[in-house]
Amino acid sequence: MTTMTDVARRAGVSVATVSHVLNDTRPVRPGTRAAVLGAIEELGYTHNTLARSLVTSRTRSIGLAVSAISNPYFTEILQGVEAGALEAGYSLLITDPHDDPQHERKVVQLLHERRVDGMIVAPSAEPAGLVEYLTRREVPTVFLDRLVGDDHDQVCAENTGPVRQLVGHLTESGHTRIGLVAGLPGLSTTTERVQGYREGLRAAGLPFAPELLAGGNSEAAGAQDATRHLLAAPEPPTAIITANNAMTIGTLRALRDLGLEVPRDIALACFDDFSWADLFTPRLTAIAQPSKDIGAAAVRLLLERLAEPDRPPRTVRLPCTFVHRTSCGCAEPAAAAPPAAQERNPTP
């Protein structure tokens, strides 16, 4: 097995210099660095990261806990996290908390026991136990997608404004009975999207009708039941907004089972775009979240926290894009450029 001594001998430098190149512990002249890296490549040397972690108390690893990794939204977030971590020289340990508070607490503890340098977590609807565990142990953490309070680093997309925009678009098309299939209670995304729905109605001069708001629990099966409930109302909606991509699938299934055609019989607009949304007939009008950018931003926040443990916590919000297709019942305009990202620093 090739050793650091072999690399040093081939490059004509000391073992200490090879260590500095590998660990970035001291500046090394460009020519010397190139000689060391060339020797490493020529000899096929593999750095022992475990031994390094015993010396530095750092493992150069990040724990990522997100539910429903099979969901295209979280898959794209994972891609953003992975790219950002790899660029910074970190590896990932990934787990699925299943949106269950007890399981969430368990898997996060397992990541912590693996001595990850920090964590990126999409919390459940009941995150109190998780937050208490991470805070008490001072684990550097960034909360992803769902917010837990301004005392923590967190990153997510805008939620309220985009849903308000969907409501406004539908009311401009003449709809006055607009239903919402909302997500799992307790999630900040659910609360904010319901808020956007109500604000959109108010801006259009329409009253909020409780029978037009149904919970789909952020899943396809729940959305099927919610859609049937909405359409069983004495005055059913003429348009429906679904609050995530899984619930969009459930709503489409329910409409198909009821023999209703979109948008001929009912208009549909969705929060969450996905790569095959334009393969449906009709193509789905949707709010697209910057999923990969959310993942990359979470890595940046975590690395900043590791570098400056005492800096104030930050909440970063990224803008969404309105993707106008045909399920809302009108023609597609040219796509608009997304607005610039915004960052909010909570007031102490």
Side-chain angles (χ1 to χ4, degrees), residues 20-27 49 52-53 55-66 73-74 76-95 97 104 107-109 111-123 127 130-159 188-189 192 289-320 338-348:
H20 290 315
V21 170
L22 291 170
N23 300 316
D24 288 324
T25 49
R26 196 186 72 183
T49 56
R52 179 177 183 271
S53 72
V55 175
T56 64
S57 298
R58 290 287 184 90
T59 61
R60 303 290 293 184
S61 63
I62 294 172
L64 176 65
V66 293
Y73 169 66
F74 281 115
E76 290 188 0
I77 282 182
L78 171 59
Q79 292 171 355
V81 171
E82 182 180 39
L86 183 62
E87 182 179 358
Y90 282 76
S91 60
L92 281 182
L93 296 179
I94 305 170
T95 187
E104 169 182 74
V107 298
V108 164
Q109 181 176 342
L111 287 174
H112 186 215
E113 290 172 353
R114 291 294 185 97
R115 300 181 63 189
V116 294
D117 293 341
M119 295 193 203
I120 298 173
V121 182
L130 166 71
V131 173
E132 190 275 337
Y133 177 90
L134 293 169
T135 302
R136 181 155 51 89
R137 289 162 179 79
E138 299 182 338
V139 180
T141 303
V142 173
F143 292 101
L144 180 82
D145 185 60
R146 294 99 175 249
L147 306 184
V148 298
D150 289 339
D151 293 334
H152 307 277
D153 290 323
Q154 44 195 3
V155 57
C156 66
E158 294 287 354
N159 290 294
S188 64
T189 49
E192 292 179 351
Q289 298 193 72
S291 308
K292 292 181 182 178
D293 292 341
I294 290 173
V299 174
R300 287 195 299 272
L301 272 183
L302 182 58
L303 295 179
E304 290 171 10
R305 172 61 59 194
L306 291 171
E308 300 180 64
D310 297 326
R311 69 163 176 75
R314 286 188 287 173
T315 295
V316 175
R317 294 243 187 200
L318 298 180
C320 295
Q342 299 178 353
E343 180 176 299
R344 176 165 57 86
N345 294 316
T347 302

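Remark: the backbone N or O of Arg311 is paired with a side-chain donor or acceptor of Arg305 at under 3.5 angstrom. Not a single donor-acceptor pair under 3.5 Å links the side chain of Arg115 to the backbone N or O of Ser61.
For the side-chain hydrogen bond (donor to acceptor under 3.5 Å, both in side chains) test, residues two or more places apart in sequence or in another chain that qualify with Gln109 are Arg105, Glu113.
Considering every non-hydrogen atom in both Leu111 and Val116, the closest pair reads O-CG2, 3.5 Å. The two residues Thr95 and Pro97 have their closest heavy-atom pair at O-CD, 3.6 Å. Listed here is the closest heavy atom pair of Pro123 and Pro127: CB-CB, 3.8 Å. Across Val81 and Leu64, no two heavy atoms sit closer than the pair CG1-CD2, 4.2 Å. Residues Ala122 and Val66 approach most closely at CB-CG1, 3.9 Å, considering heavy atoms. Looking at every heavy atom in both residues, Met119 comes nearest to Val108 through CE-O, 3.3 Å.
Annotation: side chain of His112 is not in contact with side chain of Thr141 (no heavy-atom distance under 4.5 Å). Between Leu144 and Val155, some side-chain heavy-atom pair lies under the 4.5 Å cut-off. In this structure, Leu302 and Asp117 have side chains that are not in contact, with every pair of non-hydrogen atoms separated by 4.5 Å or more. Looking at heavy atoms from C-beta onward, Tyr90 lies in side-chain contact with Leu303 at the 4.5 angstrom threshold. In this structure, Asp145 and Gln289 have side chains that are in contact, with non-hydrogen atoms separated by less than 4.5 Å.
Taking CG of Asn159 as the start and CZ of Arg146 as the end, the distance is 11.0 Å to the nearest 0.5 Å.
Counting only residues at least two apart or on different chains, the ring-ring contact (aromatic ring centres under 6.0 Å, His included) pairs with a member in residues 140-159 are Phe143-His152.
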